[in-house]
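Indexing begins at 1, ligand by ligand and atom by atom, following the structure's order. For this chain, numbers begin at 1 and follow the sequence in order.
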Amino acid sequence: MTTAFLNNAYVPLEQATISPMDRGFLFGDGIYEVIPSHYGRTIGINAHLQRMDAGLQELQIKNPFTKDKWVSVIDTLISKNREHLASDYIGVYLQITRGTQMTRGHAFPENITPTIFGYGFSLPAPPQCTIDQVAGLQVALEKDRRWERCHIKSTSLLGNVMHFEQGRAQGKQETILLNRNDEVTEASSCNVFVVHDNTIYTPALDYQLLPGITRQLVINSLAREGIDVVETAISKAMLLDAQEVWLTSSSKEITPVVSIAEHTVGTGMPGPVWQQAITLFNRYKFRLLKNPLF
Ligand code: PDD
C-alpha cells in the first residue's frame, strides 16, 4: 500500500482525507512539487525546495516546514514507498494548500493552517539514451491559453490539463504552446529545447513558463562541457525549422520530439545533439545522485 504524508502523519494513501472546504479543492489555491529519485536518492532536491518556497511566497502562504524537515519527509516517502512500488524510480509529489475554511470566500483568510500532503509514486524508467532505442514523441502545436503566472507551480492546472488533452485528442503525446507573438512558451507539462543551426535554444524564463528544474540541470550539464544554451525567444518558424526539438521534465528527463502537428522534426529521428545532451545529463545526474543534497 502506498504511504502518504498528511499534516505531519504518515498514513496509507487510501486513508488520507481532507475537507471539501480546503481552498486547494475550492480554488486550486496551493503549490505543488514533483521530486524525482533514482535508487533511493533525490535529483535536484535543493532546487525543487527553493522553487516550492518561491511559489509559496508568491501565494503568501508561509512555508510550514524547514528545509531539513522537508528533506526528511521526502526521504521517508521514498524509503516507505520504494519496496511497495517495486521501482528504483520514485517520484515524490508534495502539495501545500492555503488550508481549510468553513465559509467559502475569495479573500485570503487570516490564521489559516496550510494543508500539507505528499505521497510517492512510480516514475517511468528514464528514456533510453541511444538514438535507435529512444522513443521519440509526436506532439501537437497550439495557442497557449493559460494565465500570466505560469512561473508559479500552482495546483491550478486546468489550463495545462486542457492543453494536454488537446494533444491527446489528436493522437499526440504532448502539446507545445505558442504565445500571442507565435513564440514557444513551453509544453503542457514540460519545457522545450530546440537545436537550430547547431545551436541549442530554450525560451528565456519569465511569467509564461515554469522554471523547470530539469531545464536548469540540462543547461548546467552542458555548461560544464563548455556548451552554451541560448535562453531567448523561439519563434514558430524557428521551431518548425529546427534540426532537433526536445522536451524536459522530472519524469521525461530529455526526450526528443520527432513530429510537431503534421510537421516532421529534422530527419524524423532523434538527433546527435540530443545524444550528446542526454549523455552529459546522465553523467551530471550520477554526480547529483552521489550528492543528493544538490
Ligand atoms: N511537470 N513545465 C510545466 C508546465 C510542468 O508541469 C513541468 C513539470 C515542467 C518541467 O519541470 P521539472 O523539470 O521541474 O519537472 C515544465 C511535472 C512533472 C508535473 O506536473 O507532473
Table of N or O contacts for ligand 1, cutoff 3.5 Å:
from	atom 1	to	atom 2	distance (Å)
ligand 1	1 (N)	S189	O	3.3
ligand 1	2 (N)	E186	OE1	2.7
ligand 1	13 (O)	I213	N	3.3
ligand 1	13 (O)	T214	N	2.9
ligand 1	13 (O)	T214	OG1	2.6
ligand 1	14 (O)	R51	NH1	2.9
ligand 1	14 (O)	R51	NH2	3.0
ligand 1	14 (O)	I213	N	2.9
ligand 1	15 (O)	S250	N	2.8
ligand 1	15 (O)	S250	OG	2.7
ligand 1	20 (O)	Y32	OH	2.7

- Message: Applying side chain to side chain donor-acceptor pair (under 3.5 Å), can you list everything that pairs with D53, at least two apart in sequence or on another chain?
- Response: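 By the side chain to side chain donor-acceptor pair (under 3.5 Å) rule, D53 matches Q57, N63.
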- Query: Excluding sequence neighbours, so at least two apart, what forms side chain to side chain donor-acceptor pair (under 3.5 Å) with E183?
  - Reply: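 Testing E183 for side chain to side chain donor-acceptor pair (under 3.5 Å), a comparison that skips the adjacent residues, returns N179.
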- Task: Quick one: do R98 and D22 satisfy salt bridge (charged side-chain N to carboxylate O under 4.0 Å, His left out)? Show the steps, please.
- Result: CA-CA 8 Å; R98 194 174 307 280; D22 192 280; over 6 Å; no
- Could you walk me through whether I234 and H196 pass the side-chain contact (heavy atoms from CB on, under 4.5 Å) check? CA-CA 10 Å; I234 298 174; H196 194 267; over 6 Å; no
- Item | side-chain contact (heavy atoms from CB on, under 4.5 Å) assessment of I112 paired with R23 | CA-CA 10 Å; I112 186 167; R23 288 181 63 100; 4.2 Å; yes
- Item | Partners passing side chain to side chain contact (heavy atoms under 4.5 Å, CB included) against K80 (at least two apart in sequence or in another chain) |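 By the side chain to side chain contact (heavy atoms under 4.5 Å, CB included) rule, K80 matches T3, Y10, T76.
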